[in-house]
Amino acid sequence: MPLLGWDHIEFWVGNAKQAAYFYEHAMGFTRTAYAGPETGVRDRASYVLEQGDIRFVLTSALSEDHEIARHHARHGDGVRDIALTVPNAGHAYREAISRGADSIAEPLRVDDEYGTIETASIATYGDTIHTFVDRSDYAGPFKPGFVSQSSNGHAPGGVGLMNIDHVVGNVELGRMNEWVEFYERVFGMTNIIHFGDDQIQTEYSALMSKVMSDGAGKIKFPINEPAEGKRKSQIDEYLEFYGGAGAQHIALASNDIVRTVEAMKGRGFNFLDTPDVYYDDAVERVGEIEEDYAVLQRHKILVDRDDDGYLLQIFTKTAQDRPTVFFEVIERHGATTFGEGNFKALFEAIEREQALRGNL
Ligand code: FE2
């Protein structure tokens, strides 16, 4: 199935006005479009935020008896829609349905003075969906029903985030392969990387992960499931607090991760800490890089190398009260993998947070 790229990520949240403010101010997004009662949309309010090629949509319900309100009661703030840009939404939808995907919304063409947009949606893990978006004949702000907000005097800030690198899903114990097979069958994706619990294991918890990718390598979906450990896996913690499977983290690419992390920290975004001992063998493990190891250590940015190059990455703390969704900032220098050499350090850092919450 031809996928042109990530279209947007829609979060269903309790208070989109305040969530949008957080992502604008703490992450440097610019508000570009809005839909709500003032624009004729009666049941919800949606804020579109953009930075580089990244588009987030924050939406909340305006009444109690609404599917967004029920979703929020069950999951807390979370990712509802991982939307993908396609050349033909109707075609993508019919292909997906014929290959066994469940329908969420049939193809719909909507137009306004800016042109026509076509969307259609299918279900994926948990209550998460994929919307196919064909916006090739549309020049307006986001989609019909939305008004531009880019002329409201809000200076585009930006912290150097460029595009979405990958979106990770957490699924229930024993169901990883089912979802791997779903992405193979419905999207024609292939499994490019597989980690077993022998590779992703700390003293306390373990998980298994497989990375699914489309042919062009633009869309990457790692899928995690918990594995047996001495204590509760971080994936189990997510599943418990999210109320089932869902998107765990969104990795955003920067081409200057040090500047991006400094800017986000300055704006109040909190990152996971990494013990200084991690850096003791970093030079030996990864070798020569363009960046100064001392600067990386100061910011606790992780570094890893694969056959194609190296990458720098760091993970935020969870972005809402429930220990569910978080973000990764990643800078790739050729490396095409996901920082396997960092998994142990990362999981130990997450476990320290879990222990603070009393969930380890
Ligand atoms: Fe990641």
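Counting starts at 1 for both ligands and their atoms, in listed order.
Applying the salt bridge (charged side-chain N to carboxylate O under 4.0 Å, His left out) definition to pairs two or more places apart or across chains, those involving residues 309-329 are K317-E353.
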Just distance, no hydrogens or angles: give the donor-acceptor pairs under 3.5 Å from side chains in residues 263-271, sequence neighbours left out.
from, atom 1, to, atom 2, distance (Å)
K265, NZ, H299, O, 3.3
K265, NZ, H299, ND1, 3.4
R267, NH1, H25, O, 2.8

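You'll find the ring centres of H249 and H166 inside the 6.0 Å limit.
With a cut-off of 2.8 Å, the protein N/O/S atoms near the Fe ion (ligand 1) add up to 3.
Here R298 pairs with nothing under the salt bridge (Lys or Arg N to Asp or Glu O under 4.0 Å) rule; sequence neighbours left out.
No continuous path of ILVMFWY side-chain contacts below 4.5 Å connects W179 to V168, so the two sit in separate hydrophobic clusters.
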Could you go through H130 and F187, starting from their C-alpha distance and side-chain angles, then the distance that decides it, and tell me whether this counts as ring pair (Phe, Tyr, Trp, His ring centres under 6.0 Å)? CA-CA 11 Å; H130 289 304; F187 287 84; 5.4 Å; yes

